[in-house]
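Structure, as structure tokens:
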Amino acid sequence: MDKIADLLTQIRNAQLVFKEDLNVPASKFRISILDVLLQNGFISGFKKVLIDNKNYLNITLKYVKNKGVIQKIEKISKPGLRVYAKSDSIPRFRNGIGLVLVSTSKGIMTDSQARKLNLGGEVICQVC
């Protein structure tokens, strides 16, 4: 099971039905992804919560004028086909309007940050 694709699908589905927040199982990788989404203004926030003695992340979604801020979110690298890119070949999403998340040796970051630091890595997903 792909836990990151699960996270992205849950966010996408929650925004389609205008949910204010959602709970997903916690992991360090998910926290890193949510941290980048929070820094770039795609979600309002997230926090760790304990439900039935298990750690979950409570994600607060962001809406503007009754529309979800995240219009499109999709996984690029999949368990059966990992996608890696060098810093100069990291794809741009919608000519830079959206962002691409890249897992580098310095952690998860946006495509523009990875290009500035001249880092390549696994291309995780794209968001706009």
Side-chain angles (χ1 to χ4, degrees):
M1 215 153 165
D2 188 2
K3 295 179 181 184
I4 301 307
D6 232 12
L7 169 70
L8 302 178
T9 300
Q10 287 180 353
I11 291 173
R12 185 181 326 109
N13 290 342
Q15 279 209 317
L16 286 173
V17 295
F18 299 101
K19 283 185 111 179
E20 190 173 314
D21 61 352
L22 70 140
N23 294 319
V24 296
S27 74
K28 289 180 184 178
F29 199 66
R30 287 178 178 170
I31 290 172
S32 299
I33 289 173
L34 292 174
D35 195 37
V36 173
L37 292 177
L38 179 64
Q39 290 172 5
N40 289 283
F42 286 103
I43 59 174
S44 292
F46 69 95
K47 62 184 174 189
K48 268 188 171 180
V49 294
L50 194 64
I51 301 173
D52 295 331
N53 289 330
K54 293 182 183 178
N55 287 323
Y56 283 86
L57 297 170
N58 180 270
I59 305 167
T60 307
L61 300 174
K62 192 173 186 179
Y63 297 94
V64 176
K65 296 182 182 175
N66 293 331
K67 277 191 156 184
V69 172
I70 298 174
Q71 296 172 3
K72 186 173 186 177
I73 185 168
E74 61 184 16
K75 184 96 159 88
I76 296 175
S77 187
K78 297 179 169 86
L81 180 62
R82 301 281 183 198
V83 178
Y84 296 94
K86 294 181 181 177
S87 63
D88 57 350
S89 63
I90 295 173
R92 293 185 190 272
F93 186 53
R94 294 198 177 178
N95 294 327
I97 293 172
L99 58 101
V100 175
L101 298 182
V102 182
S103 178
T104 68
S105 58
K106 304 275 185 188
I108 295 183
M109 59 184 67
T110 64
D111 55 337
S112 59
Q113 290 172 326
R115 278 190 210 94
K116 279 182 191 173
L117 297 173
N118 198 25
L119 293 171
E122 183 179 356
V123 182
I124 303 293
C125 64
Q126 54 191 18
V127 185
C128 78

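In plain terms, the two heavy atoms of Val123 and Ala85 that are nearest each other are CG2-CB, 3.9 Å. Across all non-hydrogen atoms, the minimal contact from Cys128 to Gly98 is CB-CA, 3.7 Å. For the pair Phe46 and Leu38, the tightest heavy-atom approach, listed with the atom from each and the gap, is CE2-CD2, 4.1 Å.
The CD1 atom of Ile43 lies 11.0 Å from the CD1 atom of Ile33; values are rounded to the nearest 0.5 Å. Distance check: Asp52 CG to Leu50 CG gives 8.5 Å after rounding to the nearest 0.5 Å. The CG atom of Leu99 sits 8.0 Å away from the SG atom of Cys125 when rounded to the nearest 0.5 Å. Separation of atoms CG (Leu22) and CD (Gln15) is listed at 9.5 Å; rounding is to 0.5 Å. Atoms OH and OG, from Tyr84 and Ser89 in turn, are 14.0 Å apart once rounded to the nearest 0.5 Å.
Under the 4.5 angstrom side-chain criterion for Ile, Leu, Val, Met, Phe, Trp and Tyr, the cluster partners of Val49 are Ile51, Tyr56. Side-chain contacts under 4.5 Å among hydrophobic residues (ILVMFWY), followed directly or transitively, place Met109 together with Leu117, Leu119.
Every side-chain hydrogen bond (donor to acceptor under 3.5 Å, both in side chains) that Ser112 has, sequence neighbours left out, goes to Thr110. Partners of Leu16 by side chain to side chain contact (heavy atoms under 4.5 Å, CB included), not counting sequence neighbours, listed by chain and number: Asn13. When the salt bridge (Lys or Arg N to Asp or Glu O under 4.0 Å) test is applied to Arg115, the partners found at least two apart in sequence or on another chain are Asp111. Partners of Gln10 by side-chain hydrogen bond (donor to acceptor under 3.5 Å, both in side chains), not counting sequence neighbours: none found. With sequence neighbours left out, the side chain to side chain contact (heavy atoms under 4.5 Å, CB included) criterion links Lys48 to Ile31, Leu57. Shown here are the side-chain hydrogen bond (donor to acceptor under 3.5 Å, both in side chains) partners of Asn58, two or more places apart in sequence or in another chain: Asp21, Asn23. Taking Asn118 as the reference, Ser87 meet the side-chain hydrogen bond (donor to acceptor under 3.5 Å, both in side chains) condition, with sequence neighbours excluded.
Sorted by first and then second residue, the salt bridge (Lys or Arg N to Asp or Glu O under 4.0 Å) pairs involving residues 117-128 (not counting sequence neighbours) are Arg82-Glu122.
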Show the atom names and distances, to 0.1 Å, of all donor-acceptor pairs under 3.5 Å that link a side chain in residues 59-75 to residues at least two apart or in another chain.
{"from": "Lys62", "atom 1": "NZ", "to": "Gly41", "atom 2": "O", "distance (Å)": "3.4"}
{"from": "Tyr63", "atom 1": "OH", "to": "Lys19", "atom 2": "N", "distance (Å)": "3.2"}
{"from": "Tyr63", "atom 1": "OH", "to": "Lys19", "atom 2": "O", "distance (Å)": "2.6"}
{"from": "Glu74", "atom 1": "OE2", "to": "Gln126", "atom 2": "NE2", "distance (Å)": "2.4"}
{"from": "Lys75", "atom 1": "NZ", "to": "Ser77", "atom 2": "O", "distance (Å)": "2.6"}

Check residues 2-9 and write down every donor-acceptor pair under 3.5 Å in which the side-chain atom is one partner and the other belongs to a residue at least two apart or another chain.
{"from": "Asp2", "atom 1": "OD1", "to": "Ile4", "atom 2": "N", "distance (Å)": "3.4"}
{"from": "Thr9", "atom 1": "OG1", "to": "Ala5", "atom 2": "O", "distance (Å)": "2.8"}

Stepwise side-chain contact (heavy atoms from CB on, under 4.5 Å) check, Val36 with Phe42 = CA-CA 9 Å; Val36 173; Phe42 286 103; over 6 Å; no

